[in-house]
Amino acid sequence: MKSAACRPTLLVSAIATAVFVWTALLLFSPGSKGTAAVASNVGLIVAAAVGASACYMRSRRGGPQRRSWLLLGSGALSWGLGACAWTAYETLGRQAPIPSWADVGYLGAVPLLAAGLLTLPGTPVRWPARVRLLLDGALIAAALLAISWVLVLGPLINNGKDGLVQVFALAYPLGDIVCGSLAVVSLARAPHQAQVPLRTLLLVCLGLLSFSVGDTGFALLTLRDTYQSGQLIGLGWCGGWALLAVAALQPSGAPSEPSGENLRHRAWMSTSAPYVPLLAMVGILGVWRSTHGALGRIVVLDLLLMLLLVVVRHVLTQRENDQLTSSLEARVLDRTEALSGWEQWWKALVQNSTDIVTVVRADGTVRYQTPSVQSVFGYDAQDLLETDIADVFLEPDRHRLRQCLAAAALAPGEPLTFSGGVRHADGSDCATESTVMSLLHEDAVQGLVINTRDISERMQLESELNHRAFHDELSGLANRALFRDRLIHALNQRDRVGLAIGVLFIDLDRFKEVNDTLGHAYGDELLVVIARRLTELVRPGDSVARLGGDEFAVLLEHLTTPDEAQFVADRLVEVIAQPVHVREVDVRVRASIGITIAEIDDAELADLDAPDSADVMLRNGDIAMYRAKSAGGGACEWYRPELHTALLRRVEIEKQLRNALTDDELSLVYQPTASVATGIFTGVEALVRWDSRVLGKVLPNEFIPVAEDTGLIIDLGAWVLHHACVQAAVWLRNGVRADFTLAVNVSGLQLLSSGMVDTVRSALTLSGLPAENLLLEMTESVLLERTDQTLARLHELKRLGIRLAIDDFGTGYSSLSYLSRFPVDVLKVDRSFIAQLQQESSNERELTRTIIQLGGSLAMLTVAEGVETPEQLASLRALGCDLAQGYLFSEPRPPDEIEPMLARADDAPAAALPSAAALPPAALPPAAHPT
Ligand code: C2E
Ligand code: CA
Ligand code: CA
């Protein structure tokens, strides 16, 4: 790299030294003139050869200048060959003829050199500038022509030679004019030839000028017949080729953006170069005029031509300038307009913005205030001028604002934020947020810029959202997230306070039904009432939350004994159960409550941190509540670890139950009902069975409540109704007695579901079972909820012609007053009464008697459930009960086992029942079935 860089420098030095030595040799040639001539000739050939070689080398470097260097090198080569021919003539001692091979070489150099110069790369010049450049070239050429005319051309033309000799004689100076003019024009074009390094360009042009001067000198001397090889005039050519060689050896230089300095030099060269030939012309013509007198016609014409060119050029330049000025003016005008537009725009923006922009001095006095302060804070912008900005802020924030201003002043250009309260002109307080930035150093501003906006609405919204995030919108109570937070907090405090913490998990029973039947708006109002009752009941330190839907929770802090939690829970059950009067309707809801407490040395929570403990407590409360609910609701239940397993089972049942219907896992069994008096089977009760592929056999007592909670009971009930009716119709067709009764159980949700009546109607129609053969059983509790609606539904069903029964009578509210209001045909006495019939001490017997009598007085058939022993049957007969059902007669069995037991229409009444002592219950044969 280093050697490559220093090689050109070495070569340049070598060339300079050679030229120097050669010049010295010519000046002080030791021997004869012949020696000087040989030295001169050889030197010139060598110089041309060096020039040509350097140019060729340069062209081999490639790039956009490649062609130019090839042409320039060829020019040098052509000239060198001419010089060889000349030397040959001289060496042979012969006068070179005209034209000779030497002329061909010399003159051939001119077009090649000219072409080399013209093809140097430059930016394309557009119309006016191009014409101007042409005019400049013509001017330069005219100046050089004038010089050449008086020195060479004129005398040559006048020397009387003619023909070919004259033509060749004139060709030399004309070629020199062309070369010289082009060199000067090239220099004048320097600013447009940024791709050619300035120094290279200068060297090439000087080389060509040197060549032209040498050539002209040669022509001059030849004209006077004083030329001899070895004269100093040869330095023109030698210097020309040397300069060309040095130019070619210059580093190509990346065509980068020319520097400012470089541009200035180029501009300077461009303007001064044309003057050189003009000055030379003036000087030479001046000397000529004084020594030779008149300048001659041609020179005068030439001068006139130059004058014309100058005028044309001037006019052209003037026009160009005018155009430039007017376009410049137009642009300035456009720009000014645009700027004033911007200014207006900015003004409008600042003044109409809801942001308030204030410019204050370092001490806080207002220098500028946007009018927006009027609409936002009610102040007149003018009134604020020269007052302390801190004054509009609230007292507690003023000091902080001053500190902020001082800090901003110390950090110019850096925005600081500040939030504080501003006193509105109407006296109210506004929350604001400001950005303060120091532009004290900016001449246009010279102040601290405060950008203020009113964020009161945003703050209010934020706090509302915050409240929303942690509160239940409907009841205003804390929500689950806040409750959990409070529980965590309490758990953290627990160790310090040394007291237990209790969580009551409350869920309203059958709230979904209230929602479904009375509407959501009603349900919402009910929830609000319950929420109020809860809040009123707990101690001030305890929290109540609505966890979602009909789920509430109470956090009991500082419990001294677990009994306190029990006490509160009992009170809650009681209070919630009191009728709620909403929109003229009385509704009774009950609640199931799960209780869980965290004691100081709680083993389950020992290894857990507060958040995990909180989650465990919430889960445990939930499990206990579930337990309370599945046990019938309206009660509370303590959490015990075993409940967890029960819950998991329940969850699993729920999951599997969804598939039971579609996967055909359900079936029906039938349990006969017999006449107490005769023992004849009068009908059957359909009971559903579930044989789950995953869980095995699941009892109705386990899955029916789940089906009720999940709403699946509606589909399940419809399925039972349909299949049971189809089965009963088959039995009827097969000849069982016409008053045969099919009893089907109906749940509360199912009864009130909108499709209930249609379901029953279509079950009857599709199966062909007469309506009077169907008996629907529903429990007391079902009848007692939402009595009006239920009553309406019962009447609708009755209109279909079916009969209705009250199931499990005696286990519910035991309020008998309502009985007469319902269109019920059958009363089924719960088996808990029957089980105790035999115990002499109990008053169940009396109660059972009353129930049976009551049924009788209301014209209802009475059915005793769960009759297991002949003694029970005997007692029932004594009490006057109509029908009985129980293991004494038959367990629930599949239809094919039941059919043979059913009494035929043509059957004679059974004579007698087996005596109570004679048979064990399970082995009792079907009483009315003739084998
Ligand atoms: P339930 O309506 O009171 O039905 C009578 C229940 O008592 C049946 O239990 C039956 O097997 C049982 N049982 C019958 N005789 C005796 C006896 O002598 N001693 C004893 N200890 N029990 C006897 P199961 O089938 O387990 O049904 C339980 C409950 O499930 C039913 O009570 C009924 O409330 C409900 N259930 C059954 N099938 C359906 C149905 O299709 N729809 C609806 N909604 N509920 C149903
Ligand atoms: Ca039943
Ligand atoms: Ca029952």
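Please read all numbers here as calculations on a predicted model, not as lab measurements. Basis for what follows: all heavy atoms, side chains included, without hydrogens, waters or symmetry-related copies.
At distances below 3.5 Å, not a single donor-acceptor pair connects side-chain atoms of Gln193 with backbone N or O atoms of Ala190. The backbone N or O of Gly105 lies less than 3.5 Å from a partner atom in the side chain of Ser78, making a donor-acceptor pair. Under the 3.5 Å distance criterion, the side-chain polar atoms of Gln195 are left unmatched by any main-chain donor or acceptor of Gln65. Trp241 places no side-chain N or O within 3.5 Å of a backbone atom of Ala52 that could act as its donor or acceptor partner. Without hydrogens or angle criteria, Arg367 side chain to Val445 main chain gives a donor-acceptor distance under 3.5 Å. Without hydrogens or angle criteria, Ser68 side chain to Thr119 main chain gives a donor-acceptor distance under 3.5 Å. Remark: side-chain polar atoms of Ser272 are paired, donor with acceptor, to backbone N or O of Trp268 under 3.5 angstrom. Counting only distance, with no hydrogens or angles, the side chain of Thr336 and the backbone of Val332 share a donor-acceptor pair below 3.5 Å. In this structure, the side chain of Thr370 engages the main chain of Val357 through a donor-acceptor pair within 3.5 Å. Within the 3.5 Å criterion, the main-chain N or O of Leu139 finds no donor-acceptor partner in the side chain of Arg313.
Checked options Val449, Leu448, Leu405; the residue passing with Ser438 is Leu448 (criterion: side chain to side chain contact (heavy atoms under 4.5 Å, CB included)). When each of Leu153, Leu145, Ile147 is paired with Pro173, the side chain to side chain contact (heavy atoms under 4.5 Å, CB included) condition holds for Leu153 and for no other.
Taking both residues in full, the closest heavy atoms of Val196 and Pro121 are given as CG2-O, 3.8 Å, listed atom of the first, atom of the second, then distance. The two residues Gly73 and Cys55 come nearest to each other via the heavy atoms CA-CB, 3.3 Å. Ala247 and Thr200 make their closest contact through O-CG2, 3.6 Å (heavy atoms, listed as atom of the first residue, atom of the second, distance). Closest approach of Val110 and Cys179 over heavy atoms only: CG1-SG, 4.0 Å. Across every non-hydrogen atom of Ser210 and Gly236, the tightest pair is OG-O, 2.6 Å. Of all the heavy atoms in Ile233 and Val213, the pair that sits closest is CD1-O, 4.4 Å.
In this structure, the separation between CG on Leu71 and CG on Leu120 is 9.5 Å, given to the nearest 0.5 Å. We find the CG-CG distance between Leu187 and Leu206 to be 6.5 Å, quoted to the nearest 0.5 Å. We find the CD1-CG distance between Ile450 and Asp355 to be 13.0 Å, quoted to the nearest 0.5 Å. Separating the SG atom in Cys84 from the CD1 atom in Ile45 is a distance of 4.0 Å, to the nearest 0.5 Å. Between Leu202 atom CG and Arg266 atom CZ the span is 10.5 Å, to the nearest 0.5 Å. With rounding to the nearest 0.5 Å, the separation of CH2 in Trp288 from CE in Met281 is 15.0 Å.
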Yes or no on side-chain contact (heavy atoms from CB on, under 4.5 Å) for Val184 and Leu209, after CA distance, side-chain angles and deciding distance? CA-CA 8 Å; Val184 176; Leu209 281 171; 4.2 Å; yes

Walk me through it: do Trp69 and Val204 pass the test side-chain contact (heavy atoms from CB on, under 4.5 Å)? CA-CA 10 Å; Trp69 289 108; Val204 170; 3.7 Å; yes

Determine, stepwise, if the pair His292 / Val150 fulfils side-chain contact (heavy atoms from CB on, under 4.5 Å). CA-CA 10 Å; His292 293 70; Val150 293; over 6 Å; no

Show your working on side-chain contact (heavy atoms from CB on, under 4.5 Å) between Leu208 and Leu182 and close with a plain yes or no. CA-CA 9 Å; Leu208 256 68; Leu182 281 178; 5.7 Å; no

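No side-chain donor from either of Tyr172 and Thr216 sits under 3.5 Å from a side-chain acceptor of the other.
By the 4.5 Å heavy-atom criterion applied to side chains, Trp79 and Leu44 are counted as neighbours. A 4.5 Å side-chain heavy-atom check between Asp302 and Trp149 finds every atom pair outside the cut-off. Side-chain contact between Val300 and Arg297 is absent, with no heavy atoms from C-beta onward closer than 4.5 Å. Within the 4.5 Å cutoff, the side chain of Val185 has no heavy atoms near those of the Asp136 side chain. Side-chain contact check for Leu305 versus Leu301: every heavy-atom pair is 4.5 Å or farther apart. Residues Val46 and Trp22 have side chains not in contact (no heavy-atom distance under 4.5 Å, counting atoms from C-beta outward). Residues Glu90 and Val38 have side chains not in contact (no heavy-atom distance under 4.5 Å, counting atoms from C-beta outward). At a threshold of 4.5 Å between non-hydrogen side-chain atoms, the residues Thr87 and Val42 do not count as touching.
By the neighbour-count criterion of 12 heavy atoms within 6.0 Å, atom CZ of Arg66 is sparsely surrounded, having that number or fewer from other residues, nucleotides or ligands. Residue Arg361 places its CZ atom among more than 12 non-hydrogen atoms of other residues, nucleotides or ligands, all under 6.0 Å distant.
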